[in-house]
**Q** 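I'd like to ask some things about the structure below.
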Amino acid sequence: MSKRKSETDTVTIRVHPAVRRWFENTFPKVGGAYDLRGHFLHDFLRAGLTKEPQGGREPSPLPEVRVAVSRRDGQRLGTELPAAFQDDFSRLAYRYIRQTACLMVLFAHTAAKVPRDTAIKEYLLDNLYEDEELNYAALRKYYQRNWMETERMVKSECGTLAGGLQHVHSINKFVKNVPFYK
């Protein structure tokens with residue numbers, strides 16, 4: 001018995017360069033479009049689909065990417081996204097990337113005792129980010145402003161366990177209070 005092949009439509013969306021790079025590194029392509037299905041961003045994307053492009057402001061001058069949506073969603077909801085929604089989607093995805101980067105830096109710094117600046121640089125290099133996509137200085141400043149308190153709590157609460165080397169599960173309880181919306 002053969003599996004039924006999932007048919008898809010594509011949606012063109014303008015996103016921040018770091019988001020485009022993250023799509024390249026993270027998601028497979030289906031018919032030349034990134035397949036986000038299964039990630040929470042796909043649900044957000046589906047919420048903005050419309051059949052007719054809406055007037056209003058001009059789209060931002062960001063790079064375009066193509067994203068796959070199911071054929072059913074394309075027929076039922078449409079394959080167009082308003083410019084304002086594209087900006088919101090790009091902003092949400094960029095914040096998710098930044099939060100994920102800071103979480104990885106926190107794990108590397110507190111659990112593996114990697115120096116913070118080295119952890120930031122390694123994250124950027126491992127994910128192939130160019131300086132104009134995700135800037136080292138901006139990511140470092142964001143981490144210092146929003147994650148230092150969490151880092152102190154992790155070090156004070158978990159620092160004595162296992163000689164300072166922590167498992168990821170013991171650190172997760174401290175990162176719930178880091179603001180996602182900043």
Side-chain angles (χ1 to χ4, degrees), residues 1-108 119-143 146 175 178-182:
M1 195 161 194
S2 65
K3 287 186 174 181
R4 184 176 161 186
K5 191 174 182 181
S6 175
E7 295 182 8
T8 60
D9 284 338
T10 60
V11 175
T12 302
I13 184 169
R14 294 184 179 273
V15 294
H16 189 277
V19 176
R20 183 182 49 84
R21 175 69 66 172
W22 181 63
F23 283 177
E24 289 174 5
N25 295 338
T26 309
F27 299 105
K29 282 193 168 185
V30 174
Y34 296 106
D35 189 5
L36 303 179
R37 293 175 294 175
H39 195 274
F40 84 92
L41 287 174
H42 184 261
D43 294 333
F44 186 76
L45 180 73
R46 286 180 64 227
L49 291 174
T50 181
K51 290 188 179 189
E52 297 178 15
Q54 298 173 351
R57 69 180 193 212
E58 291 290 317
S60 59
L62 296 171
E64 288 185 348
V65 295
R66 291 177 40 206
V67 177
V69 294
S70 69
R71 176 75 39 95
R72 179 175 177 255
D73 286 341
Q75 291 172 347
R76 190 170 51 98
L77 303 171
T79 57
E80 299 291 328
L81 289 170
F85 186 85
Q86 291 182 34
D87 292 341
D88 291 343
F89 178 85
S90 179
R91 202 172 307 114
L92 176 68
Y94 182 76
R95 287 177 181 162
Y96 177 77
I97 293 166
R98 194 171 53 187
Q99 290 292 99
T100 303
C102 289
L103 185 63
M104 300 312 284
V105 169
L106 176 75
F107 288 158
I120 293 170
K121 289 176 186 175
E122 285 180 3
Y123 177 82
L124 294 173
L125 286 173
D126 288 346
N127 291 291
L128 306 173
Y129 286 111
E130 298 291 328
D131 202 33
E132 63 274 357
E133 295 169 342
L134 191 58
N135 189 327
Y136 163 76
L139 184 58
R140 184 175 187 269
K141 183 182 277 188
Y142 179 79
Y143 184 89
N146 298 291
V175 299
V178 178
F180 183 69
Y181 54 85
K182 288 185 179 179

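Count residues from 1 along the sequence.
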**Q** Between Lys51 and Gln75, is there a donor-acceptor pair closer than 3.5 Å when you use the side chain of the first and the backbone of the second?
**A**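 Checking the backbone N and O of Gln75 against the side chain of Lys51, a donor-acceptor pair under 3.5 Å is found.
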**Q** In terms of side-chain geometry, is the basic nitrogen of Arg20 or Glu133 positioned less than 4.0 Å from the acidic oxygen of its partner?
**A**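 Salt bridge flag = yes for Glu133 with Arg20.
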**Q** Do Pro17 and Leu134 make a side-chain contact, defined as non-hydrogen atoms from C-beta onward lying under 4.5 Å apart?
**A**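 No, their side chains stay 4.5 Å or more apart.
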**Q** Mind checking whether Arg140 and Lys121 have side chains closer than 4.5 Å, heavy atoms only?
**A**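 Arg140 vs Lys121: side chains apart.
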**Q** Using a 3.5 Å distance criterion without hydrogens, assess whether the side chain of Asn127 forms a donor-acceptor pair with backbone atoms of Tyr129.
**A**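 Checking the backbone N and O of Tyr129 against the side chain of Asn127, no donor-acceptor pair under 3.5 Å is found.
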**Q** Among side-chain atoms of Asp87 and Ser90, is any donor-acceptor pair under 3.5 angstrom?
**A**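 On atom types as modelled, these side chains do not qualify, holding no pair under 3.5 Å.
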**Q** Is there a side-chain contact between Leu81 and Thr50 (heavy atoms, below 4.5 Å)?
**A**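 No; the side chains remain at least 4.5 Å from each other.
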**Q** Would you confirm whether Gln86, through its side chain, and Arg14, through its main-chain N or O, come within 3.5 Å as a donor-acceptor pair?
**A**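 Judged by distance alone, yes, a pair lies under 3.5 Å.
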**Q** So for atom CZ, which belongs to Arg71, do other residues, nucleotides or ligands contribute more than 12 heavy atoms lying within a distance under 6.0 Å?
**A**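 Yes, CZ of Arg71 has more than 12 neighbouring heavy atoms, counting only those of other groups under 6.0 Å.
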**Q** Centroid-to-centroid, Phe85 to Phe44, below 6.0 Å?
**A**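 That pair passes the under 6.0 Å test.
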**Q** Evaluate the side-chain proximity of Glu24 to Tyr34: yes if any heavy-atom separation is below 4.5 Å, no if none is.
**A**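 They are in side-chain contact.
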**Q** Go through the structure and list residues passing ring-ring contact (aromatic ring centres under 6.0 Å, His included) with His16, not counting sequence neighbours.
**A**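 Applying ring-ring contact (aromatic ring centres under 6.0 Å, His included) to His16 gives Tyr94.
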**Q** What I'd like to find out is whether the side chain of Thr10 reaches to under 4.5 Å of the side chain of Thr79, using heavy atoms alone.
**A**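 In short, these two side chains do not touch, never coming nearer than 4.5 Å.
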**Q** Between Arg37 and Val69, is there a side-chain heavy-atom distance shorter than 4.5 Å?
**A**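 They are not in side-chain contact.
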**Q** Do Leu62 and Val15 make a side-chain contact, defined as non-hydrogen atoms from C-beta onward lying under 4.5 Å apart?
**A**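 A side-chain contact is absent here, since even the closest heavy-atom pair is not under 4.5 Å.
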**Q** Ignoring hydrogens and geometry, is there a side-chain-to-backbone donor-acceptor pair from Asn146 to Tyr142 under 3.5 Å?
**A**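 The answer is yes, because a donor-acceptor pair under 3.5 Å joins these two groups.
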**Q** For Glu80 and Leu49, run side-chain contact (heavy atoms from CB on, under 4.5 Å): C-alpha distance rounded to whole Å, both residues' side-chain angles, the deciding distance at 0.1 Å, then the answer.
**A** CA-CA 6 Å; Glu80 299 291 328; Leu49 291 174; over 6 Å; no
